[in-house]
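Notes to accompany the following structure.
Computation of the quantities below employed the complete heavy-atom set of this structure, encompassing side-chain atoms and omitting hydrogens, waters and symmetry-equivalent molecules. A, B, ... follow the sequence lines: proteins, then strands. Residue 1 opens every chain.
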Amino acid sequence: MTLLWLFVAAFLASAAGGALGMAGGIFIVPMLTLLFGIDIRIAIGASIVSVIACSCASARPFLKERLVNLRLAVVLEVATTLGALTGVFLTGAVPVSFLYGLFAVILGVSAKQMLPRKHAVGPAPAAVSNDWARILKLHSSFPERRTGAEIHYQVGNVPFGLSLMYGAGLVSALLGIGSGVLKIPAMDMALRLPIKVSSATSNFMIGVTAAASASAYFMRGDIDVSIAGPVALGSVLGALTGARLLIKVSAEKLRIAFVAVLLLLAVQMLFSALGIHLAPGGKT
Amino acid sequence: MTPRIPRTEKLSSDLLWYGTWIAVVAVAAGLSVGLDRPLGFGIAQFGIAVFILLPISRVALLLAIFLKEKDRVYVTMAASVLAIIAISVIVGFYGAALHFQR
């Protein structure tokens, strides 16, 4: 019976994530710990598998529309996997209350990210040094969906992008999330990519980042098949459903609902960090 | 469907798509046999392993393509990603003994 509920929870989390173009990891850990009372380390192990499942299941349309910058993905993956490796070293050492606290912070930051932005980012400054991007042949293009016309784009500050990605990889390994919420703004700010390319490339990369830490957790025996199994199945179906919703649902309404849920979860996780349990079945 | 999907994109897409379904079938089969039986547990665990191996084999695929294109910079990049993941696996394996007992 629990298997079924785990499946449903992962389905909902991944469908909700997918509808905004991310993996559902950020919802999976709070759900597993707060609703199911699962140990946070086991929840993180299951969530990291869910992130891989979401990334792999939703890659196809992004690749077919040539929205993934494959070269850029490989370059940034060097940084994200290094970050993940650092995270793997740290997981054994950091106390559980720190994990809950960090999770609360990340949820808060995500909520802020989700607030409708007043697209005042401004034009990409031409002054940005493009040497790295030129040498690495990162500038690319993709076909516009309706007209099929090629849209060319340049890649901005690669070293800055790499350092942000290292941080995203570290957080991903520690908390079992895809940390798309950190990667997409990193790609916006540092690399100045078109939003579609950012989210497609980020979604593509989170699988590899998650695989780096997941393989360590798998070898260590931290991935509990009875939890990760149903969660992975729910995530695949959820990610596929979410990708369809992405087109249909009003993005603005969805964002507002998301902010509310994220803030609620942030408060809950913060209470857990302080050792106060409000939700039924919540235990460390 | 756009007719002109480049080969690299097509290969990566197929690898991830069909791989996902192999993993899904394995996990579902394992769960229906039952995790309390060694066979069911084994099949489900195999499915989880397939999920984890999918993005890693996607990097290996890109490495092979860069090798064929003799693109030295990108061969180094993709090989580094694989090397970092390999170190992570070793850390996980040997770290098991050092890890906190629950």
request  = Against chain A, label B:Val73 side chain, backbone, both or neither, depending on which of its atoms sit under 4.5 Å from a heavy atom there.
outcome  = side chain

remark   = The salt bridge (charged side-chain N to carboxylate O under 4.0 Å, His left out) partners of B:Glu69 (sequence neighbours excluded) come to none

ask   = Quick one: what part of A:Phe218 sits under 4.5 Å from any heavy atom of chain B, side chain, backbone, both or neither?
value = side chain

ask   = Is B:Arg58 salt-bridged to A:Glu77, going by a charged N under 4.0 Å from an acidic O?
value = yes

query = Is it the backbone or the side chain of B:Leu62 that comes under 4.5 Å from a heavy atom of chain A, or both, or neither?
reply = side chain

remark   = Checking A:Cys56, A:Ser58, A:Ser55 against B:Thr20 for side-chain contact (heavy atoms from CB on, under 4.5 Å), the one that qualifies is A:Cys56

ask   = Quick one: which residues of residues 230-237 of chain A reach chain B at under 4.5 angstrom, heavy atoms only?
value = A:Pro230, A:Ala232, A:Leu233, A:Val236, A:Leu237

task = Would you verify whether the NZ or CZ of A:Arg71 falls within 45 degrees of the ring axis of B:Phe66 while also being under 6.0 Å from that six-membered ring's centre?
result = no

ask   = Contact part of B:Leu35 toward chain A, heavy-atom cut-off under 4.5 Å: side chain, backbone, both or neither?
value = side chain

Residue part contacting chain B, namely of A:Leu240, when any heavy atom lies under 4.5 Å = side chain

note = Looking only at B:Leu53, B:Asp71, B:Ile87, the option with the highest number of non-hydrogen pairs under 4.5 Å against chain A is B:Asp71

key: Atom group of A:Val49 that falls short of 4.5 Å from chain B, counting heavy atoms   = side chain

note = When the 4.5 angstrom heavy-atom criterion is applied to B:Val59 and chain A, the contacting part is side chain

note = Bottom line for A:Leu136: the part with an atom under 4.5 Å from chain B's heavy atoms is both

Segment of A:Val75 engaging chain B (4.5 angstrom heavy-atom cut-off) = both

